[in-house]
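Everything below concerns the one structure shown next.
Everything quoted here is computed from the prediction, not taken from an experiment. All residue numbers refer to positions in the sequence shown, counting from 1.
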Amino acid sequence: SFAPLLLTLTLLEPAFSEPRSDATPLGWPPVWPHPLAFKNGSTLITISPNLAVTINSKGSQVLEKDENDVTQAIARTLPLMFPHRISKKSAAFASIQKLSITVREVGAELQLATSENYTLNIPIESTIEITAPNQFGVMHALQTLSQLVQFDFDSKSYTVAGGPWFIQDAPRFKHREVLVDTARHFEPKAQMFRIIDSLTYAKINVMHWHLTDTQSFPFDSPSYPRLSAKGAYSPYERYSVEDVEDIIEYARARGVRCVVEIDTPGHAGSMCQGHPEICPSMSCTQPLNPATNATFEVLEGLFHDLTGGAKGSGLFFDDMIHLGGDEVDPKCWEASPTISSWLKQRNMSTDDAYLYMVAKVQDIAHAQGRDVIGWEEIWNHFGTKLDKSTIVQQWLPGSTAAQEAIAAGYRAIWSTDGVWYLDHLSVTWQTMYQAEPCTGIDDNACDELMIGGGGEMWGETADASDVLQTIWPRLAAISERLWSPRSLNDTGAATPRMMAFRCLLNSRGIPAAPPTNENARTAPPGPGSCFAQ
């Protein structure tokens, strides 16, 4: 844990040395999301792009996997930090020539509780120092450093303004997600990699993978191959097991958890194409059929393909799985003579059947070592009848489900429609920035039970051609709300930094749309600077 350090929100503009004397357009501090706490001076520091890097650990040797993670993070970050070639002479005269990285612990696995803290010390000369509990904190520190370093075109040198710097940083919330919907539109593997890369620039640490839905089933389940053979949009819009392995490892190596969602019992109609026996009928496909064991056999086998059947194992090794549970309309159950008879024999209402299915699929997930996230309807319908390990994800406009669930001792995730839904193109980044997940929630309860939130990129109108500019830059507003202190909610103060961060994304090949657009992902209104649109 960090020693207390005063968070300075109002700082003097840095004093720039020659040859540059104009004010920075980057905002202050020139980092997104805003660090927890920092101190800085007024000296312009020069940095060599040929940094000599050392990796150390306190008290034990760095594990090969950890060191590989850090080494790969350095290899990814340095080209982002130093995109312009400079002369060897200029590099040799820079005041900072070394980077020292210290990892305090080894063997960290990427889960909800994994620390992401770090400290970053940039002196006026000699050696930059990064210290973190594990490789994932190091990744965040490198990202912060990469945003502080700027190229001076006049002197052909790399500089850090306002030095020396000392930053102590840690996220406010452990779970900071973007939902990626690959059922409404298939997202190719290469595009998934680009999305993951972009998340790291804003310290978003979870890709909530909404893998399947009514429209398509793109995952090649080894246990039930007909699910994708019949349920995918085409033979080519599918993910093999190896594809999923590659995407999840790509994310893990960048500090991004992948939490899979298999929505049940609603939003599951695509399963009926390959397995009609688990649906009420082929003309009325969902919610899935609660009256046959076949439904639960298919789901158990599918979950096993994803989880490996035990905690911390499988394709999706995360300890959490999302099972949806939203928008369950029982009309297809009522229209089915078989299901109606089954309900009558058991003296069950359709709401009883809904709870029966939610509880039974949760039991399957628990047996495979997973805690279950569900959309808020399961709370709205069943409240404290739910297993206490259930995590309630609030999404309905104007809802207080998270507040109510936390008051009852349940964990929650906040991603309210109309505020943090990225597919709503008219919602501005300012609205997203000022939203507060813990409104009406006691501070201690917020710290303990609100695990985080995120931006939901539903895919009805987003595919590989426009998903990134729909996500960005508005997800950055959400990332700062989830990473930075609660007191940082002034959109006026954040605007220069938001504009600059959008330009940073563009410079790294991420097609973030202008923040000033009335509607997200539209083109710039005309010629102009990236910093002014």
Side-chain angles (χ1 to χ4, degrees), residues 179-193 195 207-251 258-309 313-317 321-324 332 336 338-339 357 360-361 364-365 368 370 458-460 462-464 467:
L179 179 146
V180 178
D181 178 0
T182 58
R184 272 54 177 257
H185 279 99
F186 180 80
E187 296 290 348
K189 182 177 173 181
Q191 184 73 330
M192 298 292 276
F193 289 161
I195 291 170
M207 185 175 74
H208 172 170
W209 191 345
H210 188 82
L211 184 58
T212 66
D213 209 292
T214 303
Q215 292 80 5
S216 75
F217 194 104
F219 171 62
D220 281 353
S221 164
S223 298
Y224 294 96
R226 292 206 311 272
L227 287 171
S228 61
K230 300 292 186 180
Y233 279 128
S234 75
Y236 314 105
E237 294 169 291
R238 291 155 62 177
Y239 301 105
S240 68
V241 167
E242 292 76 15
D243 290 335
V244 174
E245 285 177 338
D246 291 347
I247 291 167
I248 293 175
E249 173 55 23
Y250 191 92
C258 290
V259 176
V260 66
E261 179 180 354
I262 302 295
D263 207 339
T264 60
H267 289 280
S270 61
M271 297 185 188
C272 305
Q273 302 304 314
H275 288 273
E277 71 277 11
I278 69 173
C279 299
S281 72
M282 290 306 291
S283 60
C284 200
T285 58
Q286 56 191 15
L288 295 177
N289 187 349
T292 174
N293 287 333
T295 300
F296 304 103
E297 290 170 2
V298 170
L299 291 174
E300 184 173 16
L302 171 61
F303 291 178
H304 193 279
D305 291 340
L306 300 170
T307 69
S313 67
L315 284 176
F316 290 86
F317 56 81
I321 187 171
H322 203 304
L323 297 181
C332 291
S336 165
T338 302
I339 297 174
M357 290 207 74
K360 194 154 184 173
V361 295
I364 293 170
Q368 297 184 14
R370 297 302 184 270
W458 296 106
E460 283 87 347
D463 64 7
V467 67

Any donor and acceptor pair, going by atom type alone, linking the side chain of [X] with main-chain N or O of [Y] inside 3.5 Å?
| X | Y | answer |
| --- | --- | --- |
| Tyr233 | Phe217 | no |
| Thr295 | Asn289 | yes |
| His322 | Gly324 | yes |
| Thr307 | Gly314 | no |
| Arg238 | Tyr236 | no |
| His185 | Gly459 | yes |
| Thr182 | Glu187 | no |

Rounded to the nearest 0.5 Å, what separation is found between the [atom1] atom of [X] and the [atom2] atom of [Y]?
| X | Y | atom1 | atom2 | value |
| --- | --- | --- | --- | --- |
| Leu179 | Glu261 | CG | CD | 6.5 Å |
| Phe296 | Thr264 | CZ | OG1 | 9.0 Å |
| Thr292 | Glu297 | OG1 | CD | 7.0 Å |
| Gln286 | Met271 | CD | CE | 10.0 Å |
| Ser313 | Leu306 | OG | CG | 11.0 Å |
| Glu277 | Asn293 | CD | CG | 12.0 Å |

Heavy-atom closest contact ([X] atom, [Y] atom, distance):
| X | Y | value |
| --- | --- | --- |
| Asp305 | Tyr224 | OD2-N, 4.4 Å |
| Ala464 | Pro188 | CB-CD, 3.9 Å |
| Ser336 | Pro280 | OG-O, 4.3 Å |

Ring centers of Tyr239, Trp209 separated by less than 6.0 Å: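 Judged by ring-centre distance (under 6.0 Å), Tyr239 and Trp209 do meet the cut-off.
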Worked check of side chain to side chain donor-acceptor pair (under 3.5 Å) between Ser281 and Ser283: CA-CA 5 Å; Ser281 72; Ser283 60; 3.3 Å; yes
Side chains of Asp220 and Ser228, donor plus acceptor under 3.5 Å: yes
Cys279 vs Cys332, disulfide (SG to SG under 2.5 Å): CA-CA, chis, key distance, verdict: CA-CA 9 Å; Cys279 299; Cys332 291; over 6 Å; no
